[in-house]
Each structure stands twice: as structure tokens, then as C-alpha cells.
Amino acid sequence: MVRRPLGNHHDGPDTLLVTSDATQTHAAQTQQATAKDDSVTENLREVIARARFVLWDFDGPVCRLFAGHSAERVAVDLVEWLEGRGLHGLLTESERESLDPHVVLRAVDRRHPGSDLVDELEKRLTQEELRAASLAMPTPYADPLIRTWAAVGSRLAVATNNSPLVVREYLAGRGLASCFAPHVYGRTRELHHLKPHPHCLNRALNAMGAAPSSALMIGDTPSDYLAAQEAGVPFLGYARNGHKEKLLRDAGAEEVVGSLEPLLKVLRGQA
């Protein structure tokens, strides 16, 4: 008599039952995932259908401006430049350690609004952004999405805290300038108008003759969302990682995508 080893009854009824349960569970999970994807796609269709005007934040949705030229290094250089002029006490410890050039710029402007010091600091930041623009990394699917959205008749604008000179140079280098021209609205000397203030969004809406409800803002930070809320513009968040998504959702953003590809597919009628 041949003995079958214990624990090796692969064709037993209990094993068949477990396999059946596992198959059913996998099928149910697949069905739920498909339903979720369909729901997300339908939401995107509605968002896109309403948007006759699309306002883009620049650094994030269009490109990673500091992909090859560290924003942290730029912030450190600005702090060191201030300290080299004997202005160490102008910034708080948290502002010095923020590693965000816009935090440094805003802090100086709050204490010396409209001064030559602020003007010089803003010019230095613009020069650093221009250097970064030549090494910037296009956001995946952004270029074809921008071209497709313009081709189907939507009007596009950039509303950003970056220098408009930087935006125009980047867009020209990518062959995208005609998709936005002349609607690029960025940082001015009035630094209190930086987002989350809605100033650049309102400038774009007024210039294009757009009602806020007929527009869509695409941004990747809570300040983008808050500016859109203040301007009355529907918002779509772009989050390239889980941390950015959490920040957006914690701020109140409801529609958030991790890739621009689904938008492109909806516009092209592929979804």
C-alpha cells in the first residue's frame, strides 16, 4: 500500500473550499477596484466637462521646477546672502530652517514690505528659478494634456507663485507657449499677493472673461486649493506621492489624482 504524506492532500474538499473562497474574494476585490476606477473616471468627466478655462499651477502640475537645481539649496543661499549683510536676526529659526525660498522671501517682505532689500531678494530668487528651468523635469503626461486641452477649445492660463519670466521660458522651451499665451500670471513685487491669496487666479479670470464656476484650477499644494476656494474656482489636486495627497486632502481638497494620465484619457475619449 502506498501511503500519501500527511498534509499533502491537495485535492481534498477543504482545500477546494479554501481555493473557491480565495477566488471569490479576489473577484470581489477586482470588482470593487473596477467600480472605484469607474467612479473616479466619471468624476473626472464631470470636472472636465464643466471646465472651459483651466488654470494651472506651474511647479508641480506642469513640471518639477527644481528637479535638477535644489530648492533647498536656493533657500540656504538666500539665507546666507541675508546673513552676509548682517541681517541674521531678520528671520526666525523656523524660517531659516524651512528650506523653502518662498518662506524666506515672504518673511523678509512682512518685515520690510516694498523695500530695496525685498526687491533684490526677489531678483535673486528669479535668477535661481531661471537656472532651474533649464533642468526642470516635465510632469508625466502634462505636455500632451496641455496640448489636447488647448486643441479641444479650452482656454489655459498659468497662475503661480513663480516668476512669470521663468514660466514663459520653460513653456517656450517645451513648445507650449502658444497653448497659454498671453495668460501667464506669476509673482509680482506685491508679495502679499502670493497664493494662498487668490490674486493671480483673479487676474487670469478677469483677463479671459471667465466666470469662476466655468474654470478649473489644477494645483499640488494646500495654498493652491485655498486660493481656488477664495476665488470660487473648482479645484483638482495633483499629488505625485502620498504625502502631497495627504496635505491636499487635509486642507479640504476632494478631487485629487496621482497622475495626469486619466485626464488625458478622458479628453481623448479613451475612458
Side-chain angles (χ1 to χ4, degrees), residues 36-37 39-40 43-44 47-48 51 54-76 78-79 91-107 109-110 125 128-129 132 136-142 145 157-163 166-167 185-187 191-202 204 212 215-263:
K36 182 179 180 180
D37 290 344
S39 175
V40 170
N43 288 345
L44 288 179
V47 167
I48 289 171
V54 185
L55 314 182
W56 292 72
D57 178 44
F58 177 62
D59 186 9
V62 176
C63 69
R64 287 180 62 190
L65 178 59
F66 289 100
H69 186 62
S70 168
E72 290 81 2
R73 182 68 250 175
V74 171
V76 170
L78 293 179
V79 170
L91 301 174
T92 66
E93 194 66 27
S94 63
E95 288 165 349
R96 279 194 296 274
E97 295 178 353
S98 69
L99 301 181
D100 183 338
H102 281 113
V103 168
V104 177
L105 187 60
R106 289 176 197 259
D109 183 63
R110 281 196 299 271
L125 177 55
E128 295 292 351
E129 288 177 340
M137 182 182 297
T139 297
Y141 302 101
L145 178 58
V158 173
T160 178
N161 283 348
N162 298 116
S163 166
V166 175
V167 177
Y185 305 95
R187 189 173 63 240
L191 297 181
H192 60 281
H193 283 158
L194 293 175
K195 290 178 287 186
H197 195 289
H199 179 70
C200 61
L201 281 75
N202 289 332
L216 174 68
M217 174 74 193
I218 300 178
D220 71 330
T221 65
S223 64
D224 293 324
Y225 170 73
L226 294 172
Q229 287 288 101
E230 187 68 21
V233 175
F235 181 80
L236 176 64
Y238 166 69
R240 62 182 174 86
N241 56 44
H243 175 65
K244 283 187 168 290
E245 179 176 1
K246 185 178 187 304
L247 291 176
L248 284 169
R249 293 200 183 279
D250 286 350
E254 295 181 0
E255 300 292 341
V256 181
V257 295
S259 168
L260 299 179
E261 184 182 19
L263 282 75

Quiz item: Do Leu191 and His102 come close enough that some side-chain heavy atom pair is under 4.5 Å?
Solution: no
Quiz item: Do the side chain of Thr160 and the main chain of Gly186 share a donor and acceptor less than 3.5 angstrom apart?
Solution: no
Exercise. Check whether any side-chain N or O of Ser70 sits under 3.5 Å from a backbone N or O of Arg73 as a donor-acceptor pair, and report yes or no.
Key: yes
Quiz prompt | Shortest non-hydrogen contact between Gly60 and Thr139, atoms and distance | solution = O-OG1, 2.5 Å
Quiz item: Do Glu128 and Leu78 come close enough that some side-chain heavy atom pair is under 4.5 Å?
Solution: no
Practice problem: Hey, could you give me the CD/OG1 distance between Glu97 and Thr92, rounded to the nearest 0.5 Å? | Solution: 9.0 Å
Practice problem: Determine the minimum heavy-atom distance between Asn202 and Ala231, stating which atoms define it. | Solution: OD1-CB, 3.7 Å
Practice problem: Take atom CD of Glu72 as the centre, draw a 6.0 Å sphere, and report whether it contains more than 12 heavy atoms from other residues, nucleotides or ligands. | Solution: yes
Exercise. Using atom types as modelled and distance alone, determine if a side-chain donor or acceptor of Arg96 lies under 3.5 Å from a backbone N or O of Leu91.
Key: yes
Quiz item: What is the distance from atom OH of Tyr185 to atom CG of Leu55, rounded to the nearest 0.5 Å?
Solution: 10.0 Å
Donor-acceptor pairs under 3.5 Å, side chain of residues 215-226 to any protein atom, not counting sequence neighbours: which ones?
residue: Thr221; atom: OG1; partner: Ser223; partner atom: OG; Å: 2.9
residue: Thr221; atom: OG1; partner: Asp224; partner atom: N; Å: 3.3
residue: Thr221; atom: OG1; partner: Asp224; partner atom: OD2; Å: 3.0
residue: Asp224; atom: OD1; partner: Lys195; partner atom: NZ; Å: 2.7
residue: Asp224; atom: OD2; partner: Asp220; partner atom: N; Å: 3.0
residue: Asp224; atom: OD2; partner: Thr221; partner atom: N; Å: 3.2
residue: Tyr225; atom: OH; partner: Gln229; partner atom: NE2; Å: 3.4
residue: Tyr225; atom: OH; partner: Gly252; partner atom: O; Å: 3.2

Exercise. Check the angle between the aromatic planes of His199 and His197 and answer parallel, tilted or perpendicular using the 30° and 60° thresholds.
Key: perpendicular
Quiz item: Does a side-chain heavy-atom distance below 4.5 Å link Leu263 with Leu44?
Solution: yes
Quiz item: So, Arg249 side chain and Glu254 main chain: donor-acceptor pair closer than 3.5 Å or not?
Solution: yes
Practice problem: For residues Ala71 and Pro101, report the shortest heavy-atom separation together with the two atoms involved. | Solution: O-CD, 3.6 Å
Quiz prompt | Check: Leu194 main-chain N/O paired with Asn161 side-chain donor or acceptor under 3.5 Å | solution = no
Exercise. Measure across Ala228 and Phe235 and return the closest heavy-atom pair with its distance rounded to 0.1 Å.
Key: CB-CD1, 3.9 Å
Quiz item: Under a 4.5 Å cut-off applied to non-hydrogen side-chain atoms, are Lys244 and Asn241 in contact?
Solution: yes
Quiz item: Heavy-atom count around Glu95 CD within 6.0 Å, excluding the residue itself: above 12?
Solution: yes
Quiz item: Closest heavy-atom contact between Glu245 and Val256?
Solution: CG-CG1, 4.0 Å
Practice problem: Kindly give the heavy-atom pair with the smallest separation between Pro61 and Leu260, and that separation in Å. | Solution: O-CD1, 3.6 Å
Self-check item: Donor-acceptor under 3.5 Å (Glu129 side chain, Ser163 main chain)
Solution: yes
Exercise. Starting at CZ of Arg187, measure out to CG of Leu105 and round the result to the nearest 0.5 Å.
Key: 6.0 Å
